[in-house]
Amino acid sequence: LNPGDEVIFHEPCYVSYSPSILLAHGCAVAVETSKADAFSLKPENLAAAITPRTRVLMLNFPTNPTGAVASREDLEGIAKLAIEHDLIVLTDEIYSELRYDGLTHLSIASLPGMRERTVLLHGFSKAFAMTGFRLGYACAPQPIIEAMMKIHQYSMLCAPIMSQCAALEALENGTPAMLAMRDSYHQRRDFIVSRLNQIGLDCHTPGGAFYVFPDIRSTGLTSQQFAMGLLEAENVAAVPGSAFGPSGEGFLRCCYATAFADLRSAMDKIERFVQAL
Ligand SMILES: Cc1ncc(COP(=O)(O)O)c(C=O)c1O
């Protein structure tokens with residue numbers, strides 16, 4: 001990026017996107033997504049944010065913190081805009097295996113004309129629950145990877161060999177365990193969405209990842225007040241939606257990548273907390 005170049009990302013989003021753009025001397029341009037659109041990025045909203053300075057578009061489906069999944073139609077519309085405006089697309093697909101309700105994963109990189117302008121990011125932290133191994137990867141056209149290597153080889157050296165061996169084992173033999181874990185996440189998602197709605201915290205059903213993003217505006221609290229109050233009163237940790245950008249205000253990010261028994265207890269505690277307000 002040259003100073004002043006704009007990078008568009010959809011928000012609410014993973015916390016590091018905006019700071020990473022600033023670190024690269026770019027100008028971070030957030031496009032808000034909404035509950036009404038199931039937090040997908042609508043091509044028309046993207047089109048309105050594109051300017052002659054736009055260089056890169058960052059995507060993350062399924063999304064942290066909303067669990068949103070983009071439809072083929074939306075991705076095709078986004079791809080069309082990327083080609084029209086000659087954008088590089090950075091697509092963080094780290095949750096691609098964790099999709100529910102029979103949804104299959106569609107990478108924007110696979111759409112016509114996109115492979116040559118897409119950097120696909122993935123890693124082993126989510127599908128294989130290998131967070132501590134610190135292993136991720138990027139797939140991109142050779143000139144982009146070569147440019148990335150100029151920085152990477154002097155700042156990272158290389159990924160730990162033990163992590164690489166573990167990742168190889170995950171790729172060769174880990175799929176059955178991953179699928180069993182995904183089934184269990186699916187059950188946990190259904191449980192947590194249904195309990196939150198019962199409690200009166202309106203919650204859409206996310207198509208992927210392991211987060212739900214209930215609307216807490218009916219309580220009259222800000223997301224920060226809700227999250228801190230819940231932590232102090234009931235020892236339940238959730239992240240205020242505002243941590244994921246201004247459009248996350250009024251929502252709470254709940255992660256269900258934990259044991260069913262803990263989720264049951266957390267939901268009972270959230271119910272007690274809301275009733276006591
Ligand atoms: C969207 C997204 N991208 C990337 C990461 C980074 O994962 P890790 O650093 O564990 O590979 C996360 C972790 O929460 C994430 O939610």
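In this text, all values refer to a predicted model and were calculated from it rather than measured experimentally. Indexing begins at 1, ligand by ligand and atom by atom, following the structure's order. Quick note: residue numbers are just sequence positions, from 1.
Side chains of Gln275 and Arg272: no donor on one and acceptor on the other come within 3.5 Å. No donor-acceptor contact under 3.5 angstrom links the side chains of Glu97 and His105, judged on distance only. A donor-acceptor contact closer than 3.5 angstrom is absent between the side chains of Thr54 and His85.
Heavy atoms of Tyr17 found under 4.0 angstrom from ligand 1 belong exclusively to the side chain. For Phe124, no heavy-atom contact with ligand 1 is shorter than 4.0 Å.
Here the rule is side-chain contact (heavy atoms from CB on, under 4.5 Å) with Leu41, and of Ile8, Leu59, Asp74 only Leu59 fits it.
Short contacts between ligand 1 and Tyr95, defined as distances under 4.0 Å to a heavy atom of the residue, involve ligand atoms 1 (C), 14 (O), 15 (C), 16 (O). For ligand 1, the atoms closer than 4.0 angstrom to any heavy atom of Asn60 are 1 (C). Close approach of ligand 1 to Ile94 (heavy-atom distance below 4.0 Å) involves ligand atoms 2 (C), 3 (N), 7 (O), 11 (O).
Of the polar atoms of Lys126, at least one N or O is found under 3.5 Å from an N or O of ligand 1, judged by distance alone. Looking at ligand 1, you'll find an N or O of Ser125 within less than 3.5 Å of one of its N or O atoms. Below 3.5 Å of separation, one finds no N or O of Tyr14 facing any N or O of ligand 1.
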Next on the checklist: Applying side chain to side chain contact (heavy atoms under 4.5 Å, CB included) to Thr63 and Phe39, what does each step give before you reach the verdict?
Outcome noted: CA-CA 8 Å; Thr63 309; Phe39 296 103; over 6 Å; no

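Using bins of under 30°, 30° to 60° and over 60° for the plane-to-plane angle, the ring pair Tyr100/Tyr256 lands in the tilted bin.
A salt bridge between Glu76 and Arg72 is present, with a side-chain N of the basic residue lying under 4.0 Å from a carboxylate O of the acidic one.
Taking all heavy atoms of Asp92, Thr131, Thr63, Leu121 into account, the minimum distance to atom 1 (C) of ligand 1 is reached by Asp92.
Nearest non-hydrogen protein atom to atom 9 (O) of ligand 1 is Arg134 NH2, 2.7 Å.
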